[in-house]
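Take a look at the structure below.
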Number of protein chains: 2
Amino acid sequence: MDAKTLAKFEARAEILKAMAHATRLYILDVLLKEDEVCVGDFTAQIGADASTVSKHLSVLKSAGLISDVKRGNQVFYRLSTPCVLRFFDCAEAVIKKRTAEQIKVAQSINE
Amino acid sequence: MDAKTLAKFEARAEILKAMAHATRLYILDVLLKEDEVCVGDFTAQIGADASTVSKHLSVLKSAGLISDVKRGNQVFYRLSTPCVLRFFDCAEAVIKKRTAEQIKVAQSINE
DNA sequence: TGCTCATTTGGCCATTTAGCCAAATACGCA
DNA sequence: TGCGTATTTGGCTAAATGGCCAAATGAGCA
């Protein structure tokens with residue numbers, strides 16, 4: 001794999017890595033519906049340390065998936081690229097398919 | 001976040017984690033075009049140890065993204081869920097946007 | 001059976017990641 | 001200025017990941 005190709009896939013991988021965590025997917029999901037949410041609200045919903053949530057937000061931000069605005073002493077986050085949504089449909093399809101396979105395997109064991 | 005919601009996002013995260021690596025994205029990209037490829041071909045193209053490539057393939061397989069067929073003493077892999085493709089368009093959009101931001105920042109420094 | 005090629009598995013090490021706590025920073029308000 | 005609230009940063013530890021090498025497994029063939 002040449003350097004240019006590698007760079008292309010590494011750029012894609014960076015975005016995926018940023019998304020690849022339950023908490024961060026939850027954050028994205030909330031932002032698909034709510035347009036603008038502050039750190040405190042996320043923290044309350046997620047039930048983790050504020051610093052942990054803040055770090056998750058910063059991961060998403062440096063990947064370019066969300067952006068932030070300061071207002072008063074709060075920071076509000078919003079999606080910067082709503083097309084993220086499209087991925088979820090695909091993910092569900094994969095999950096469904098995989099679950100079906102597992103059921104098949106489980107049944108074959110019982111035969 | 002309740003247990004059921006958490007489980008949902010963890011299932012999605014698993015798939016993303018499986019995709020979140022340059023080599024594995026390359027493998028998926030090849031399989032979008034080639035339908036069936038054996039381990040040896042991947043190894044040659046990627047230029048890593050065969051064992052490394054094999055492990056990447058197994059990560060993709062356990063995530064349900066690819067499936068394998070043995071034929072002779074070779075193992076062929078194929079995509080099991082071509083909708084993976086849809087993600088790439090989105091990734092490119094994010095990358096473009098982020099690059100544009102970085103250029104803006106760089107320019108503002110020079111002002 | 002014994003040899004060879006293709007692939008996978010196990011072991012090891014270096015690096016990265018997630019989480020918490022504590023401390024720092026930023027803002028608004030008296 | 002000084003206090004309280006919101007958020008981020010630094011430091012630490014435990015766990016996961018990616019890579020290589022060496023060894024094991026499996027298929028085909030003499």
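Keep in mind that this is a model prediction, so the values were computed, not measured. Chain letters run A, B, ... following the sequence lines, proteins first and then strands; every chain starts at 1.
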I need the B/Leu31 CG to B/Phe42 CZ distance, nearest 0.5 Å.
4.0 Å

Atom CD1 of A/Ile27 and atom P of C/dA18: how far apart are they, to the nearest Å?
11 Å

In terms of heavy-atom contacts, B/Leu57 and B/Ile66 come closest through O-CD1, 3.5 Å

Along DNA chain D, first and last positions that approach a heavy atom of chain B under 4.0 Å:
D/dG18 to D/dG28

By nearest heavy atom, map A/His21 and A/Lys70 onto DNA chain C; which one lands nearer the 5' end?
A/His21

How many angstroms lie between atom OH of A/Tyr77 and atom NE2 of A/His56, to the nearest 0.5 angstrom?
12.5 Å

Mind checking whether B/Leu65 and B/Val59 have side chains closer than 4.5 Å, heavy atoms only?
no

Full working for side-chain contact (heavy atoms from CB on, under 4.5 Å) between B/Val39 and B/Gln74:
CA-CA 7 Å; B/Val39 182; B/Gln74 288 177 300; over 6 Å; no

A side-chain contact here means heavy atoms from C-beta on lying under 4.5 Å apart; do A/Ile27 and A/Ile46 qualify?
yes

So do the side chains of B/Gln45 and A/Thr5 get within less than 4.5 Å of each other, counting heavy atoms only?
no

Are A/Val69 and A/Leu79 connected in the hydrophobic side-chain network, where two residues link if heavy atoms are under 4.5 Å apart?
no

NA contact type, A/Arg71, heavy-atom cut-off 4.0 Å: base, sugar-phosphate, or nothing?
nothing

Just by protein heavy atoms under 4.0 Å, how would nucleotides 3-8 of chain C read 5' to 3' in B, S and -?
--BSSB

